[in-house]
Amino acid sequence: MLITTFEPSETPDLPALIDGEEPKPANPYREASIRYLEIVNTVTTYITESPSPTVAAWAVVYALGLPCAEGVSLTDRAEQLGISVAALSKQVRIIQRRCNVEESLYSNNKDNR
């Protein structure tokens, strides 16, 4: 009888186990695509459920460090949106926490230009 241990992130290949074969290694492309879809789903839900979708969308941009924020600091963007820097920064941190992403270049530097 074959006894195999799995890492928590691995999903066993049941047909291979039944046939007595070693399980196939996890596919990193599949894992990356699943992670991408989780993030897309999280941010889409955040934006569509927000009372201010424009502010929520910009919070997502800064939280994920997307290129469209390049050259515009959180301070400047908050001013353009008519909100405080603290309010925008708070939403950025909420997104980062929900998506389980590290701080982006834009979220930890007040005058990022």
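Numbers here simply count residues along the sequence, with the first being 1.
The structure places CG of D76 at 11.0 Å from CG of L88, a figure rounded to the nearest 0.5 Å. To the nearest 0.5 angstrom, I39 atom CD1 is 11.0 Å from I95 atom CD1.
The two residues L64 and V43 make their nearest non-hydrogen contact at CD1-CG1, 4.4 Å. When every heavy atom of I83 is checked against every heavy atom of V55, the shortest pair comes out as CD1-CG1, 3.6 Å. When all heavy atoms of Y62 and V72 are compared, the closest pair comes out as OH-O, 2.8 Å. Pairing each heavy atom of C99 with each of T42, the nearest pair is SG-CG2, 3.7 Å. Between V61 and A69 the shortest heavy-atom distance is CG1-CB, 3.5 Å.
Legend: salt bridge (Lys or Arg N to Asp or Glu O under 4.0 Å) pairs involving residues 40-49, not counting sequence neighbours: none detected. Under the salt bridge (Lys or Arg N to Asp or Glu O under 4.0 Å) criterion, no residue pair touches residues 78-87, with sequence neighbours excluded. Sorted by first and then second residue, the side chain to side chain donor-acceptor pair (under 3.5 Å) pairs with a member in residues 50-59 form an empty list; sequence neighbours excluded.
The backbone N or O of T45 sits less than 3.5 Å from a side-chain atom of T48, completing a donor-acceptor pair.
Under the 4.5 Å side-chain contact rule for hydrophobic residues, I94 and V40 do not share a cluster.
Annotation: side chain of Q96 is in contact with side chain of E103 (closest heavy-atom distance under 4.5 Å).
Defined by atom type and a distance below 3.5 Å, a donor-acceptor pair is present between the side-chain atoms of Y46 and Q91.
Every residue was checked against the side chain to side chain donor-acceptor pair (under 3.5 Å) condition with R98, not counting sequence neighbours, and none meets it. R35 is linked by a salt bridge (charged side-chain N to carboxylate O under 4.0 Å, His left out) to E38, counting only residues two or more places apart in sequence or in another chain. Judged as a side chain to side chain donor-acceptor pair (under 3.5 Å), and not counting sequence neighbours, the contacts of Q80 are R77.
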